[in-house]
Structure formats: C-alpha cells, structure tokens
Amino acid sequence: MAEAADFQGTSASPARRWLRRTGALLTGAPLLAGLLQLPAATPADAAGQESLRAAAAAGSVSVAVDSLTPSAPSDGDTVTVSGTVTNNGKQTVTGAHVDLQVGPPLETRSSIDTLAKKSNDLQGPSGEKVGGKYTEKYSALTPGVAEPFSISVPADKLDLGRDGVYQLAVSLSGETSAQPWDQVLGVQRTFLPWQPEEADTKTKTTFLWPLVSSAHMAAETGSNEQQTPVFRDDELAEEISPGGRLDQMVSLGKGLDVTWVVDPDLLASVDAMTRSYQVRAADGSTTPGKNQEVAKHWLAELQQAVTGNEVAALPFGDPDLASLAHNGTNVTGSLGHLKEATDVADETVDTILHVKPSTDFVWPVDGAVDPSIVKVATSAGADKVITRSDSLQDNLSYTPSAARPIGGGTTAVVADSRMSTAFQGDLTRASASTLAVQRFLAQSLTLGLQTGKQRSVVVAPQRMPSVSQAQAMAEALEALQGGNWSDSQDLTAATKAKPDPAANTRVPSASAYPSSLRKQELPRAAFEQIARTQGKLDKFKVILTRQSRVVTPFGRAMNREMSTSWRGRGIAAVGYRDGIESYLNGLIDGVKLIQKTETKLSGRSATIPVTVQNNLVQGVEHLRLRLTSKNPTRLKIGGDAYEEQRVTVNGGHAQSVKFPTSANANGRAEVVAQLYTEDGQRYGAPVTFDVKVTEVTPTVMLVIGGGVLLLVLAGFRMYTHRKRAAAREAAEDDTTEADDENDGPHDREDAPQNPEPSGARLKEEAEAGSGADASEQPSDPAPDTAAESTDPSGTGERVDR
C-alpha cells in the first residue's frame, strides 16, 4: 500500500518507512541464522570466497552517474539523474532495469567519506527503490555496449524526511543465462543534500580561487630600450588562450563569490606578453611572440572578474615556504629573497589589475605546517598562514571555525581538508566530476548541521586545478551559493571570525610533516646555487651605469627559482637555475681584459697599454684596473710594484689604459693585469703577460756618443786641410806664371830654398795626418752590460717610448 501511495504522489510517512525497514530485517533474520550454522570454510575455500566477493563487489555492469540536477533540490523540484550503464561481462543481460534507491541520512562527515570509498560496491547498503514509473528498462544489454539512461522524479517522491544528506544509489538489475534470476549487477552511489528551507544558522564559507602557474619567463631580456622579455616556452599562451586552463579559471570564476588568490608573477608574465616578446625554441634560438592580443584579452577579462571581490596576493613567484624553512634558512640571503618577493607583490597586482590586494597571507603547499614553516612564512611580514585541518588537527566532534591564534601575533586560517580536497584527481569523466560535486555539497551541509552554531569555513583547493577540476569547482560553488545553508564571505572576513576556544592552536612538530611532501622539496643545493647567483649579481651590478636593467629581471628570476611549481619537477628546476646562472656569467664576461702577448721594452722607460672590452649595451664604471709587476726589481709599474687607474667604458666599446714603466735591468718580467670593483673585489679573470726588458746603460751611451764626436771632428779637420791646400796651390801657380813672363830664371833663384809642398803632397800629408790622429785616439771603454743581440727580434707588442 505504501508503494502504491508513492506512485500516486502520496509521500510515505516516517512510521511507514520504519515499518518497511523493520519488516526487511525480520525477513532476513532466518536466512542469517541459516548462514551462521554453515561449517567453517577451509583456507582454500576462504580464498575462493574472497575472490567471489571481490568479483561480486565490482559488479559485471558499470553504472556511471554523469549528472544530477539540481545538485541540492528543494520542495517542488524535479530531480533528474542521467548517465550510462555498460555490460562488462561476457553474457547478455536480459530483463535489465535501472532504479533509484534512497538510503537513510548520513549523520557524520566520516560516514560520507566511507560511502564515497565504496560508491560502486554491491555489498554496501543501497536503500529503498523508488520504483514504479521511475525506472528505466532495457530488453537486453549487449556485452561491451554502453546504454544511456535518464530518470526524472519529483523530489517529494524520494521519501526524504528531515534536513540532511541522503545516499542516492543508481542500480542496474537483470539476469544472465548463468544466473537466471533478477539481481543487482551494478550500482553507483552518490549524495543528495536536502535542505528545502533556509537554515536558521548558515555557515560562512570562503572559497579560494587560485590563479597560479609555473615559471615561464627567463632572466634574459633584449638589448633594446624596452628590454624585450624572453619566454622559456609558449605554454603560458596556451593556458590563457580560449579553452585553456587559465582562461577557464577566469571565465568560471567570473560571477562567483570567491577570494582570488593570485601569484603576481603570473600577472607580470601575461602583462609582458601584451607587448613585444621573444620565445626560446628547443635549439636555443628565439622567435617573436605572436599572442599579444590573447594576453590583452585575458587581462581585460580578469580585471572585470575580480571587480567587487577580494584579491589576495601571494609573494612573487609563489615561493615554496616549506622548502625554504627546511633546506634554505641556513643559506645566506634566502630569507631576503622571500622579503623581496613579498614587497613587490603589492605593486605588481595594483599596477596590472588596478585593485589593492591583501598581502597578509601566505599559503604553504597543501596547507602543511610545522614551527619552522610558520616562522619563515611570517618573516617577510605576513601574519596569516593558510593551513589545512589535516595538518592542524582538532580532536573535536564538530568542525570549528577556520581562524585561530597560534602565537606571536600570527593567525592560522585552517581550511577544511575534506572540502578542499574534494576536487582532486581525474575529473575528466562526467561521473567522477558529478560525484565530486555532490560529495562537496554533502560535506558542507553536514558540517552546518553539526551544532546549530554558526561557523566560518575556508576552502583551499589545489593550486593549479585542471580545466575539468575547475569546472567541477564552479558547479559546486554555484549550487552552494544558491543553496539554503551557506553564505559567502571573503578571506579577510574569515580571519576576523571569533575563534573557537576548543580549537587546536598548537602547530604540529616537524616530525609530523608529511614525508611525501618532504620528498618533493627543493634541496639545499638549490638555495646554494641561488645564493651563488646572487653573489655574482651583487659584484656585477656595482659597475653598471643602469643597474635596474639587470637587477630587476634577475631578482624576479631568482624568485621564480624558489617557486612551489618546481615540486615533482626536479630536473626542470635544475635546468632553470643553470640557465639563469649561465646567462649572468655571459653578461659578466662581457666586460673583460683583452689578452696580451709578450711585450718588448727597449730603453729605460716606456708605457704599457692594457685594453678593457665592454660588450654590454650599457656603459660600465666604478672599475679600477691594476697592473702588477711580479719582478719589481727589474721592472716597476708607475714607480712601484703596481699601479691602479680608474676605468670607464661606454657600451659596445673598448678602452686602452696606459701604465708608465721603468726598467732597472735586462730580462723578462711577468706582469698581471686585473680589474677590481671600487670596494676591492676582483672582477673577471686576470691577464698575465711577459715584458722583455732590453735596457741600454748610461756608460755605453757615453762611449757611443764620444766615438761619434771623434768621427765628426776628424771629418772636419780633413775638410779644412783640403781647403787650405787647394787655396795655396792656386796662389802658387799664379805667382810662377808671372815670374816666368817677367824675370825668367833670376826669379826662380830668388825663390825660397824650402818651397811649400805641392797640392798633391798636401793632400797626402793630410791623409797621413788624419790616419795618425785616428790611431792616437784612446780605445773605447769596455761595456758594463752585454752587447745587444743582433738576432731578429721575436714576436711581441710595441710599447710607447
């Protein structure tokens, strides 16, 4: 009569339901007594029975509930359940029919977990069939063929009583040739929240909507004034393109009452794509990016989506707080990077989204905390830590509010672990997604019915939901926000809720941190490499005329090196860090000394040029070039063992610096050129070269000068002697001719007895005299240094005399 009444639209009373259930128990009692009298099974029999039970539990027909609408029905609604049934066996199922079965309310949150684990177990409870016209029948189910079903039933036909969560099972029954009787061959259980009227006390629910991605930008930028950024790949363009993961996150989140949790690095990266950018290919080459319009559209959509909602900004790059706490705090400078990442977050979000974000929150991976993580999380100024109830556990029979003080002025925002993990796993199948949505709603309603007191609950899902996971989240939120037991609130309001005095405020010890998460952490070597890169950057930046062109991109790149997105991607993380350090090394090597060959130094003093090459786009300054002689007794630089000079070189140019030198002895002297910063730090590699000294002493110079002087004087004397002899010979010839014409022999007799020598004789005497004079010169003094070799000189550099 009760079933007839149900078919006619009359709801069964609670008394009738109790009578039906009692009758079912009494009917099964004799069968149970008979089973108890069976002999004990042997081990082999037990194994066989276990195998049969396992096969029976799996069922030969799979049932998939692809949709359940509405997810949380009210009075007057019609519930529609749709899906497919598939015969996985080898025999055709005849007389098959799909039925809806409603079980008793699930009183606790743990009972919901238990039922979810056995959602398709034939041995579990299924409840009473609705039956009648609310059954779908098949003449036969062929093996391997999926058949659809769709059953719509008014909510008042489901025999729902008081407010609560009910089990809703969809079962397929039929018979096979091997088992020719009607039996349940497959089942799928889900949850049906029932809150037809407004709850007296509604739960305050905060849902975090994360916009986080992996690191896509490198530290490399173009040499132009705009510093064209270089992307490691084009994956970000795929994520923000229509249908991509991040595109779906924005589209689905628009219109929902959520708190947007944003990594500023993602915003900065997309913003960089709105202008000219380059994408690096696998072979190392770069090509111009082509997704400027896609980036502009995504940012415009995001700006509209966050309007009116709270935006919480994570530190830039979403640094892995647990890795930093466990492996990086003893590495110099690591905490400084976290502080920088926090400081830049506010400006980045405000500039791009035009909203003032909250920067008071940090979010460790999976909400797992220990004292060291809390200490690191708050070291950068944040005083609110988003954790999770499976980390900061409560020993209570109910779920307390999320916010609670944990000491030191820090507030732990404890997200509900059951609701936060409801959308993990593969939700690409509609049945899996539907089950996740119904389970989430069931947990939310049961939580609200626990005490009748208002609670403030936070849901923190996985950081980077897939498209299918995001779709399930949005579907669940729409149902929740349209339901009768929950009101939305933002994250800041959740932290201001009055803490439950019975809630746990003790942070778990380090030993309680999950080993599965610890295995995925960045190692100490990662932070040491980051510190090494920072040290190189600190030395490099002091010589630059425009430091921000290098400091800013490298600073942001090192923030990305600490990102939580590297968890489970150790090889990729190492490659990213190596790429950043290698690129910085290349920039540092762009300012260097030009190699020199052996230099020859002839003479007492000369200058030695040393060339500084600047291959950077910008100029360098605040450098000092030191030239040092390893043998100052032989060769001095500027009157001492070394000399320094300031160096300033424009971008793309070279500058030669000349150093005065003085030689004291012949031989080779090793000279070292080294660049230094103004604070005395070495910069770049030294250049070492030899200087070959071939000095000429003052004594040798005096002897050579004297010899030259004697040669000049001898030549002058010869010249005067010849001139005088020629003059006398000419005069004598004129006199003789006159005497011959006038006096004849008489005149010749009156001539002197010792006449002057003829011109030829004078010439001979002069030559003889000069030879005698030369022979009478003193010999050259012996040199006090070895004579200079007359061999051809070797290859070397000329110096300025």
Side-chain angles (χ1 to χ4, degrees), residues 204-213 246 249-250 252-254 256-271 299 302-321 338-367 369 373-374 376-388 401-404 409-416 419-420 456-465 470 473 477 488-497 559 563-565:
K204 297 288 187 179
T205 305
T206 301
F207 200 103
L208 307 186
W209 198 257
L211 284 182
V212 179
S213 186
L246 291 173
M249 288 296 295
V250 173
L252 294 169
K254 185 185 299 185
L256 294 175
D257 197 351
V258 295
T259 293
W260 296 79
V261 180
V262 180
D263 177 7
D265 177 34
L266 171 61
L267 300 182
S269 299
V270 178
D271 183 63
L299 282 179
L302 178 59
Q303 290 169 359
Q304 294 180 9
V306 301
T307 302
N309 287 29
E310 182 181 28
V311 176
L314 298 173
F316 193 97
D318 188 20
D320 191 336
L321 302 175
L338 178 60
K339 181 65 167 60
E340 293 172 0
T342 302
D343 292 341
V344 77
D346 187 1
E347 181 181 358
T348 302
V349 176
D350 191 7
T351 301
I352 297 174
L353 291 186
H354 310 299
V355 297
K356 193 70 174 176
S358 172
T359 58
D360 298 335
F361 298 91
V362 288
W363 187 13
V365 174
D366 286 357
V369 295
I373 296 175
V374 173
V376 165
T378 57
S379 64
D383 57 358
K384 301 175 182 65
V385 182
I386 302 172
T387 180
R388 214 164 65 184
S401 290
R404 62 195 69 177
T410 303
T411 299
V413 183
V414 184
D416 185 78
M419 298 171 69
S420 297
S456 179
V457 179
V458 172
V459 180
Q462 57 271 32
R463 266 177 160 75
M464 290 189 281
M473 289 161 48
L477 271 177
S488 301
Q489 69 174 355
D490 60 34
L491 184 58
T492 299
T495 63
K496 297 178 180 179
N559 291 147
S563 175
T564 59
S565 65

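Quick caveat, the model's predicted, so the values are computed rather than measured.
Not a single donor-acceptor pair under 3.5 Å links the side chain of Ser401 to the backbone N or O of Ala403. No donor-acceptor pair closer than 3.5 Å links the side chain of Thr387 to the backbone N or O of Ala412. A donor-acceptor pair under 3.5 Å links the side-chain atoms of Gln303 to the main chain of Ile352, judged by distance alone. A distance-only check finds a donor-acceptor pair linking the side chain of Asn309 to the backbone of Leu256 [under 3.5 Å]. Side-chain N or O atoms of Asp263 include one that pairs as donor or acceptor with a backbone N or O of Gly317 at under 3.5 Å. Side chain of Thr351 to main chain of Thr348: no donor-acceptor pair is present (N/O by atom type, distance under 3.5 Å, no hydrogens or angles).
If you take CG on Asn559 and CG on Asp265, they are separated by 8.5 Å, rounding to the nearest 0.5 Å. For the atom pair Lys356 NZ and Thr359 OG1, the distance stands at 8.0 Å (nearest 0.5 Å). Residue Leu208 holds its CG atom at 11.5 Å from CD of Gln462, rounded to the nearest 0.5 Å. One finds the CG atom of Leu302 at 9.5 Å from the CG atom of Leu246 (value rounded to the nearest 0.5 Å). Summarising the geometry, atom CZ belonging to Phe207 is positioned 7.5 Å from atom OG belonging to Ser420; distances are rounded to the nearest 0.5 Å. One distance of note links CG of Leu477 with OG of Ser488; it measures 7.5 Å at 0.5 Å rounding.
No side-chain heavy atom of Thr411 sits under 4.5 Å from any side-chain heavy atom of Arg404. Counting heavy atoms from C-beta on, the side chains of Leu252 and Trp209 come closer than 4.5 Å. Between Pro461 and Met473, the closest side-chain pair of non-hydrogen atoms falls below 4.5 Å. With a 4.5 Å cut-off on side-chain heavy atoms, Val413 and Leu491 count as touching. Here the side chains of Leu353 and Trp260 are not in contact, with every heavy-atom distance at 4.5 Å or above. Residues Glu310 and Pro357 form no side-chain contact, since every pair of their non-hydrogen atoms from C-beta on lies 4.5 Å or further apart. Using a 4.5 Å heavy-atom threshold, the side chains of Asp271 and Leu267 count as separate. When side chains are defined from C-beta on, Ser213 does not count as touching Ser565, because their heavy atoms never get closer than 4.5 Å.
Pro319 approaches Phe316 most closely through the heavy-atom pair CD-O, 3.8 Å. Considering every non-hydrogen atom in both Thr259 and Asp490, the closest pair reads OG1-CA, 3.5 Å. Of all heavy-atom pairs between Ala345 and Leu314, the closest is CB-O, 3.5 Å. When all heavy atoms of Val369 and Pro364 are compared, the pair lying nearest together is CG1-CG, 4.0 Å. Between Val376 and Leu321, the closest heavy-atom pair is CG1-O, 4.2 Å.
Under the 4.0 Å criterion applied to side-chain N and carboxylate O atoms, Arg463 and Asp318 are assigned as salt-bridge partners.
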- Query: Step by step, would you call Lys204 with Val457 a side chain to side chain contact (heavy atoms under 4.5 Å, CB included)?
  - Reply: CA-CA 6 Å; Lys204 297 288 187 179; Val457 179; over 6 Å; no
- Message: Run Thr378 and Val385 through side chain to side chain contact (heavy atoms under 4.5 Å, CB included) and show every step you take.
- Response: CA-CA 8 Å; Thr378 57; Val385 182; 4.3 Å; yes
- Decide side chain to side chain contact (heavy atoms under 4.5 Å, CB included) for Asp383 and Phe361; before the verdict, give the C-alpha distance in whole Å, the side-chain angles of both, and the deciding distance to 0.1 Å. CA-CA 7 Å; Asp383 57 358; Phe361 298 91; over 6 Å; no
- Message: Could you go through Val458 and Val414, starting from their C-alpha distance and side-chain angles, then the distance that decides it, and tell me whether this counts as side chain to side chain contact (heavy atoms under 4.5 Å, CB included)?
- Response: CA-CA 7 Å; Val458 172; Val414 184; over 6 Å; no
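Of the N and O atoms on the side chains of Gln489 and Thr205, not one donor lies less than 3.5 Å from an acceptor on the other residue.
Here the options are Val344, Asp343, Thr342, the test is side chain to side chain contact (heavy atoms under 4.5 Å, CB included), and the partner is Pro315; only Thr342 passes.
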